[in-house]
Amino acid sequence: MQDSILLTGGTGFIGSHTAVALAQAGYSFVILDNLSNSSSKVLDRLARLNASPLAFVNADVRDAQTLDKLFGEYKFSGVIHFAGLKAVGESVAQPLRYFDNNVNGTLQLLQAMQRAAVQKIVFSSSATVYGDPASVPIQESAPLTSTNPYGRSKLLCEDILRELFQADANWQIALLRYFNPVGAHISGLLGEAPNGVPNNLMPYVTQVASGQREFLQIFGNDYDTPDGTGVRDYLHVMDLAQGHVAALRALNAPKLLTVNLGTGQGVSVKQLVDAFARVNGVPIAHRYVARRAGDIAQCFADPTKAQELLNWKAQLGLDRMCADAWRWQSMNPQGFDTPL
Ligand code: NAD
Ligand code: UD1
């Protein structure tokens, strides 16, 4: 049996781009996803990009029987665990669903890994574990907290993985704290396809650009930031994908790595909107409205540890993020349902 990687949530936004990066780096992989927030049509796109999985398993990560069968069939050298629910507002309304899916899902996966003696895992954490940071750029040693059930679910999973490593230091664990992934694969074949009204900035901007939405609401222009709008660390999703390949390589021995994946550059909402309009030649109608509840003024990474521990650094700038996001939107007006 050939060594391969299990990708949970591999048909999702970050998972699908990571599949391409893994294929290019010579890894084979199996995707497990219950398609609760993605389309099986992603698999056709992966095939076009020479990144087909060895197998696609339509199953829930909480299904222990399926996991045991899968770990029996394949000799996995490690797991990248993307499967999770990620909408903050929804998590406030449905906390039990979020804890069950994200925390119980991670527990079921870790228990199946333990039964199969697979001890390498890369976990999708988030900058949300820093809450409202006291200062920026944020180092991994900053205090951890949560302000909503989604954030709490990520923190709980991190705690579980830290406790697991305490108990058995043979594990190889990477906690990757993503900042704000945006953009799309340069081919225009893969990208972010949110259901309904997008919560996040870049998908909303691309839908305004395409005429699907009339204008962007900029949530607050009275923050203590250079132009008054919120500042984030936008990161190209292909750079993020490469971060997972780098993490797998760095997990060459028992260790627990905790790493920010961001560019280290703070970009305001206004700057992103202006860059998008300039790069793509499409104006983005916008109006300033009140701050969004729960939002913070600034959040960007100190990415030094990623460079030191993973030998990873973001390569693609804001202009590429905007160009690739727009190419994806223009080529796929119906998302993955757009005929190839
Ligand atoms: P996504 O929703 O596009 O992908 C997640 C995938 O997991 C989906 O394909 C979904 O169908 C699948 N899934 C969810 N629950 C499952 C379950 N119980 N069993 C099997 N499959 C399940 O989201 P994404 O943006 O690709 O995010 C991937 C991971 O990264 C998530 O854990 C998310 O919380 C985390 N993350 C995302 C961001 C972001 O901004 N996108 C930021 C920080 C962290
Ligand atoms: C959101 C989540 C966070 C998650 C992150 C990455 C919330 C409160 N937080 O963070 O937990 O880790 O996504 O997935 O949802 N903005 C607008 N208009 C819009 C949309 C956004 O002005 O229509 C602004 C926001 O106020 C913010 C910036 O754009 O300043 C980025 O917003 P968004 O893309 O939602 O990401 P985060 O708020 O960083």
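Atoms within a ligand are numbered from 1 in the order they appear, just like the ligands themselves. The analysis underlying the following values was restricted to heavy atoms, covering all of them including side chains, and did not include hydrogens, waters or symmetry mates.
- Between K69 and E73 a salt bridge is recorded (basic side-chain N to carboxylate O distance below 4.0 Å).
- For atom 39 (C) of ligand 1, the nearest protein heavy atom (residue, atom name, distance) is P181 CG, 3.5 Å.
- The ligand atoms of ligand 1 that sit less than 4.0 angstrom from a heavy atom of S36 are 10 (C), 11 (O), 13 (N), 14 (C), 15 (N).
- If you check which protein heavy atom lies closest to atom 37 (C) of ligand 1, you get I14 CD1, 3.7 Å.
- Scanning all protein heavy atoms for the shortest distance to atom 4 (O) of ligand 1 gives G12 CA, 3.4 Å.
- Scanning all protein heavy atoms for the shortest distance to atom 35 (O) of ligand 2 gives R292 NH2, 2.8 Å.
- A side-chain contact (heavy atoms from CB on, under 4.5 Å) with L7 is found for exactly one of V79, V122, I31, namely I31.
- For the atom pair S125 OG and L155 CG, the distance stands at 7.5 Å (nearest 0.5 Å).
- Between W171 and F123, the distance separating the two ring centers is not shorter than 6.0 angstrom.
- The T11 neighbourhood of ligand 1 comprises atoms 9 (O), with distances under 4.0 Å to a heavy atom of that residue.
- Under the 3.5 Å distance criterion, with hydrogens and angles disregarded, a donor-acceptor pair is assigned to the side chains of S38 and T11.
- For atom 31 (C) of ligand 1, the closest non-hydrogen atom of the protein is F82 O, 3.1 Å.
- Each of the atoms 12 (O) of ligand 2 lies under 4.0 Å from some heavy atom of S126.
- With respect to R278 and D274, no salt bridge is recorded, no charged nitrogen being found less than 4.0 Å from a carboxylate O.
- Using a cut-off of 4.0 Å between Lys/Arg side-chain N and Asp/Glu carboxylate O, D324 and R320 are scored as salt-bridged.
- Considering CG of L49 and CD1 of I186, their distance stands at 11.5 Å, rounded to 0.5 Å.
- Residue D302 holds its CG atom at 5.0 Å from CD of Q139, rounded to the nearest 0.5 Å.
- Less than 4.0 angstrom separates some heavy atom of S38 from each of these atoms of ligand 1: 8 (C), 9 (O), 11 (O).
- Where the criterion is an N or O separation shorter than 3.5 Å, residue side chain and backbone included, Y150 fails it with respect to ligand 2.
- Between V269 and ligand 2, no N or O atom pair is found at a separation short of 3.5 Å.
- The pair E192-K86 counts as a salt bridge, with a side-chain nitrogen and a carboxylate oxygen less than 4.0 angstrom apart.
- Residue N180 has at least one heavy-atom neighbour below 4.0 Å for each of these atoms of ligand 2: 36 (O), 37 (P), 39 (O).
- Considering backbone and side-chain N/O of Y204, none are found under 3.5 Å from N/O of ligand 2.
- Under a 4.0 Å N-O distance rule, the pair K270/D227 does not qualify as a salt bridge.
- Residue contacts with ligand 1: N180 is excluded, as none of its non-hydrogen atoms falls under 4.0 Å.
- Checked by distance only, ligand 1 and F179 stay at 3.5 Å or farther apart across all their nitrogen or oxygen atoms.
- Those atoms of ligand 1 with a heavy atom of L35 less than 4.0 angstrom away are 11 (O).
- Here is the list of ligand 2 atoms found below 4.0 Å of a heavy atom in Y234: 28 (C), 29 (O), 31 (C).
- Of all the atoms in ligand 1, the ones that sit under 4.0 Å from a non-hydrogen atom of S125 are 43 (C), 44 (C).
- Under 4.0 Å from ligand 1, heavy atoms of D60 appear from its side chain as well as its backbone.
- Less than 4.0 angstrom separates some heavy atom of N199 from each of these atoms of ligand 2: 20 (C), 35 (O).
- Within the set K86, R62, H81, K154, the minimum heavy-atom distance to atom 32 (O) of ligand 1 is found for K154.
- Under the side chain to side chain contact (heavy atoms under 4.5 Å, CB included) criterion, K313 pairs with Q307, Q315, not counting sequence neighbours.
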| For I173 and L257, what are the C-alpha separation, side-chain angles and deciding distance, and is it a side-chain contact (heavy atoms from CB on, under 4.5 Å)? | CA-CA 6 Å; I173 300 173; L257 299 171; over 6 Å; no
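- At the shortest separation from atom 11 (O) of ligand 1 among protein heavy atoms lies D33 OD1, 2.7 Å.
- Two residues are said to be in side-chain contact when any heavy atoms from C-beta on lie closer than 4.5 Å; T304 and N260 fail this criterion.
- Once rounded to the nearest 0.5 Å, the distance linking SG of C157 with CG of L164 reads 12.0 Å.
- Residue S124 approaches ligand 1 through these ligand atoms, each under 4.0 Å from one of its heavy atoms: 29 (C), 30 (O), 32 (O), 35 (C).
- For F76 and F71, the distance between ring centers is under 6.0 angstrom.
- Between G230 and ligand 2, a contact under 3.5 Å exists for no N or O pair.
- Ranking protein heavy atoms by distance to atom 22 (C) of ligand 1, first place goes to N34 OD1, 3.1 Å.
- An N or O contact shorter than 3.5 Å is missing between A83 and ligand 1 by distance.
- Salt-bridge annotation for D159 and R162: present, with a side-chain N of the basic residue lying under 4.0 Å from a carboxylate O of the acidic one.
- For ligand 2, the atoms sitting less than 4.0 Å from at least one non-hydrogen atom of Q217 are 17 (C), 18 (N), 19 (C), 22 (O), 23 (O), numbered in the order shown with element in parentheses.
- Which parts of ligand 2 touch I218 is read off a 4.0 Å heavy-atom cut-off, strictly below it: atoms 22 (O).
- Of all protein heavy atoms, the one closest to atom 2 (O) of ligand 1 is N37 ND2, 2.7 Å.
- When hydrogens are left out, the protein atom nearest atom 3 (O) of ligand 1 is F13 N, 2.8 Å; that is the closest non-hydrogen contact.
- Looking at L32 and L6, their side chains come closer than 4.5 Å, going by heavy atoms from C-beta outward.
- Checking G9, S126, G84 against atom 14 (C) of ligand 1, the nearest heavy atom belongs to G84.
- Annotation: side chain of V61 is not in contact with side chain of Q108 (no heavy-atom distance under 4.5 Å).
- Taking a 4.0 Å cut-off on heavy atoms, S16 fails to register as neighbouring ligand 1.
- With a heavy-atom cut-off of 4.0 Å, N102 does not touch ligand 1 at all.
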